[in-house]
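If you're wondering where the values come from, they're calculated on a predicted model, not measured in any experiment. Along the sequence shown, residues carry numbers from 1.
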Amino acid sequence: ADVAAPRLLGGSAAAALAPLKAAASRGDFIRAEALLLELGPGDLAIDAVNVCLHACAMHRDLTRARRFSGLLTVWCLRPNIATFNALINVWTVHGEAEGAMRWFVGMVESGVEPNEVTMGVLCKAFANKGWVSQVRTVMSSIDDAGLPLNEYFYAALITACGLAEPPQPDTAVSAFREMVARGLRPQGIRHKLGQVIGLGRTAALFQELAASAAQPSAPAPSGAQ
């Protein structure tokens, strides 16, 4: 699940942020920081900081992200959903699951409600550490909230199974069967599943799935309306 870019702004605001966005997007953080400081702690401050944090995630620049996040305190800014999602993502792409979790806790404590993007990034952070139970916990929270669990979450769970110590291939198979039961398309996770449980076992699972799909539906009971 890709982290959404900062929210769309009105014409004048978008125009004011355009040079900053251009510099940050190409990774010119020296120029971006100068433009950000020039804007200062005004009405556009949080959107400007969000632009920079989003670019830090794109360019995997944790050092700059720390600098930009420091302005939240210095300028007394109130982080919004885009701010927290970008911060969680920056720490995640650096393999800093603990740091991502700290931002998530800060998000909840500040009263900002996580969304599907937040939970997807958290799953990625935990999966890359092989934390199967934590990925499962996030998925259960999403399910309990009535939000859809898509293929991305199951791919994260299967990734976690492969990186766990020791690996959990049987749990990966269970995840595969669960996503199929939910009506999700398993083709997108075939490669990842093969890495975790082996190509032969993966091929057998897909053959089983194809055979099941080819079976005719059971006839309706006699007299059924």
Side-chain angles (χ1 to χ4, degrees), residues 1-9 13-131 134-135 138 152 155-156 159-160 162-165:
D2 295 331
V3 175
R7 65 187 176 88
L8 296 176
L9 302 170
L17 292 178
L20 170 63
K21 186 174 182 179
S25 295
R26 65 176 179 264
D28 184 356
F29 288 113
I30 294 176
R31 175 62 175 160
E33 186 170 358
L35 290 169
L36 178 61
L37 295 175
E38 183 179 315
L39 284 171
D43 293 340
L44 295 178
I46 192 62
D47 293 305
V49 171
N50 288 350
V51 165
C52 293
L53 291 173
H54 182 70
C56 287
M58 290 174 54
H59 293 281
R60 298 174 177 266
D61 195 329
L62 184 59
T63 300
R64 291 285 178 181
R66 293 183 192 277
R67 289 171 64 90
F68 293 134
S69 64
L71 291 176
L72 298 172
T73 300
V74 173
W75 287 352
C76 299
L77 302 177
R78 183 182 179 86
N80 54 30
I81 185 70
T83 315
F84 282 114
N85 283 350
L87 286 165
I88 292 168
N89 195 36
V90 175
W91 266 253
T92 294
V93 298
H94 274 269
E96 299 280 351
E98 295 85 353
M101 190 62 189
R102 283 195 296 273
W103 283 115
F104 176 73
V105 171
M107 177 184 198
V108 173
E109 290 179 345
S110 69
V112 176
E113 185 175 350
N115 60 13
E116 292 167 72
V117 172
T118 316
M119 305 308 258
V121 176
L122 271 185
C123 270
K124 180 180 178 182
F126 297 155
N128 289 340
K129 288 288 188 178
W131 295 351
Q134 286 88 337
V135 174
V138 173
Y152 175 87
T159 296
L163 295 175
E165 292 291 346

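- Listed here is the closest heavy atom pair of Phe68 and Cys56: CD1-SG, 3.6 Å.
- The NZ atom of Lys129 lies 6.5 Å from the CD atom of Glu96; values are rounded to the nearest 0.5 Å.
- Ring pair Trp103/Trp91 is perpendicular by interplanar angle, where above 60° counts as perpendicular and below 30° as parallel.
- Expressed to the nearest 0.5 Å, how far CD of Gln134 lies from CG of Leu122 amounts to 11.0 Å.
- For Ala57, the side chain to side chain contact (heavy atoms under 4.5 Å, CB included) partners at least two apart in sequence or on another chain are Asn89, Val90.
- The distance from atom CG of Asn85 to atom CG of Asn50, rounded to the nearest 0.5 Å, is 9.5 Å.
- With rounding to the nearest 0.5 Å, the separation of OG1 in Thr92 from CE in Met101 is 11.0 Å.
- Interatomic distance, CD1 of Ile88 versus CG of Leu53, reported as 11.5 Å (0.5 Å rounding).
- Listed by first and then second residue, the salt bridge (charged side-chain N to carboxylate O under 4.0 Å, His left out) pairs involving residues 98-111 amount to none (not counting sequence neighbours).
- A distance of 13.0 Å separates NE2 in His94 from CG in Asn128, rounded to the nearest 0.5 Å.
- In this structure the side chain of Met107 reaches within 4.5 angstrom of the side chain of Ile81, judged on heavy atoms.
- Looking at residues two or more places apart in sequence or on another chain, you find a side chain to side chain contact (heavy atoms under 4.5 Å, CB included) between Ala127 and Val135, Ala156, Thr159, Ala160.
- The side chain to side chain contact (heavy atoms under 4.5 Å, CB included) search around Ser110 returns Phe84, Val112, not counting sequence neighbours.
- For the residue pair Ala97 and Ala125, the shortest heavy atom distance occurs at CB-O, 3.7 Å.
- Between Ser25 and Ala55, the shortest heavy-atom contact is N-CB, 4.3 Å.
- The closest side-chain heavy-atom distance from Val51 to Leu36 is not below 4.5 Å.
- At distances below 3.5 Å, at least one donor-acceptor pair connects side-chain atoms of Ser69 with backbone N or O atoms of Arg66.
- Among pairs with a residue in residues 28-42, those fulfilling salt bridge (charged side-chain N to carboxylate O under 4.0 Å, His left out) read Arg26-Asp28, Glu33-Arg64, Glu33-Arg67, at least two apart in sequence or across chains.
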Which side-chain N or O atoms in residues 71-78 pair as donor and acceptor under 3.5 Å with protein atoms at least two apart or in another chain?
none

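- Contact detail for Ala48 and Leu39: the closest heavy-atom pair is CB-CD1, 3.9 Å.
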